[in-house]
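Numbering of residues begins at 1 and proceeds along the displayed sequence. The structure presented is a predicted model; accordingly, all values stated were derived computationally and were not measured.
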Amino acid sequence: MDAVVDAMAAIDNDEAPDRESLKGAVRALLQALAAKAPGHTVEVRVPPYGAVQCVEGPRHRRGTPPNVVECQPLVFLLLATGRTGWQEALKSGKVSASGQRADLSDLLPLAAPTGEPLDE
């Protein structure tokens with residue numbers, strides 16, 4: 001999760017995280033999400049850096065998944081570190097969530113606001 005710490009430090013310094021830190025942070029947090037909520041019911045997309053399937057329930061097999069969450073990398077970082085709330089991101093249009101199970105509010109945050117792992 002070093003990339004998450006680096007990306008959040010850049011944000012705290014009013015800078016944009018460099019591309020490699022941002023990519024590493026998004027991928028680390030997507031892996032953390034998949035580990036926290038294993039399954040294949042919801043697809044979480046953070047283009048261009050990655051996507052994971054997570055959350056227990058019916059398995060999706062072909063075509064567009066019925067439960068999809070998508071957002072930009074910086075938005076995902078802010079959500080995953082608890083700096084932005086799920087409802088706030090939805091209402092502002094920063095997150096697109098479709099389907100009955102496409103609600104990640106109970107799974108977030110995945111890391112502390114500084115990017116450090118949570119003590120769970």
A.B. asks: How long is the straight-line distance from CG of Leu78 back to CE of Met8, given to the nearest 0.5 Å?
C.D. replies: 5.5 Å

A.B. asks: I need the minimum non-hydrogen distance between Pro109 and Gly82, along with the two atoms involved.
C.D. replies: CB-N, 3.5 Å

A.B. asks: Counting only heavy atoms not in Asp106, do more than 12 sit closer than 6.0 Å to its CG atom?
C.D. replies: no

A.B. asks: Could you grab the distance from atom CD of Gln72 to atom CG of Leu79, nearest 0.5 Å is fine?
C.D. replies: 12.0 Å

A.B. asks: Assess whether atom CD of Glu70 is packed by more than 12 heavy atoms of other residues, nucleotides or ligands within 6.0 Å.
C.D. replies: yes

A.B. asks: Return the SG to NE2 distance between Cys54 and His40, rounded to the nearest 0.5 Å.
C.D. replies: 10.0 Å

A.B. asks: When you group the ILVMFWY residues by side-chain heavy-atom contacts below 4.5 Å and let the links chain together, are Leu90 and Val44 in the same group?
C.D. replies: yes

A.B. asks: Between side-chain atoms of residues 17-35 and protein atoms elsewhere (two or more places apart, or another chain), which donor-acceptor pairs fall under 3.5 Å?
C.D. replies:
unit_1: Asp18; atom_1: OD1; unit_2: Glu20; atom_2: N; d: 3.1
unit_1: Asp18; atom_1: OD1; unit_2: Ser21; atom_2: N; d: 2.9
unit_1: Asp18; atom_1: OD1; unit_2: Ser21; atom_2: OG; d: 3.4
unit_1: Asp18; atom_1: OD2; unit_2: Ser21; atom_2: OG; d: 3.0
unit_1: Arg19; atom_1: NH1; unit_2: Tyr49; atom_2: OH; d: 3.3
unit_1: Arg27; atom_1: NE; unit_2: Tyr49; atom_2: O; d: 2.9

A.B. asks: Flag yes if Leu107 and Phe76 sit in one hydrophobic cluster, no otherwise; membership is Ile, Leu, Val, Met, Phe, Trp, Tyr, and two members link when side-chain heavy atoms are under 4.5 Å apart.
C.D. replies: yes

A.B. asks: Enumerate the salt bridge (Lys or Arg N to Asp or Glu O under 4.0 Å) contacts for residues 72-92, please, sequence neighbours excluded, ordered by first and then second residue.
C.D. replies: Asp12-Arg83

A.B. asks: Side chains of Val42 and Val69, heavy atoms from C-beta outward: is any pair under 4.5 Å?
C.D. replies: yes

A.B. asks: Are the side chains of Glu116 and Val5 in contact, using a 4.5 Å heavy-atom criterion?
C.D. replies: yes

A.B. asks: Is there a side-chain contact between Ile11 and Leu74, using heavy atoms and a 4.5 Å cut-off?
C.D. replies: yes

A.B. asks: Distance-only, no hydrogens or angles: does the Thr41 side chain make a donor-acceptor pair with backbone N or O of Val55 under 3.5 Å?
C.D. replies: yes

A.B. asks: So which heavy atom on Pro73 is nearest to which on Val46, and how close?
C.D. replies: CA-CG1, 3.5 Å

A.B. asks: Within a strict 4.5 Å, meaning less than it, do heavy atoms of the Leu110 and Leu108 side chains meet?
C.D. replies: yes

A.B. asks: Identify each donor-acceptor pair in which a side-chain atom of residues 94-104 lies under 3.5 Å from a protein atom, sequence neighbours left out, and give them as a table.
C.D. replies:
unit_1: Asp103; atom_1: OD1; unit_2: Trp86; atom_2: NE1; d: 3.1
unit_1: Asp103; atom_1: OD1; unit_2: Ser105; atom_2: N; d: 2.9
unit_1: Asp103; atom_1: OD1; unit_2: Ser105; atom_2: OG; d: 2.7

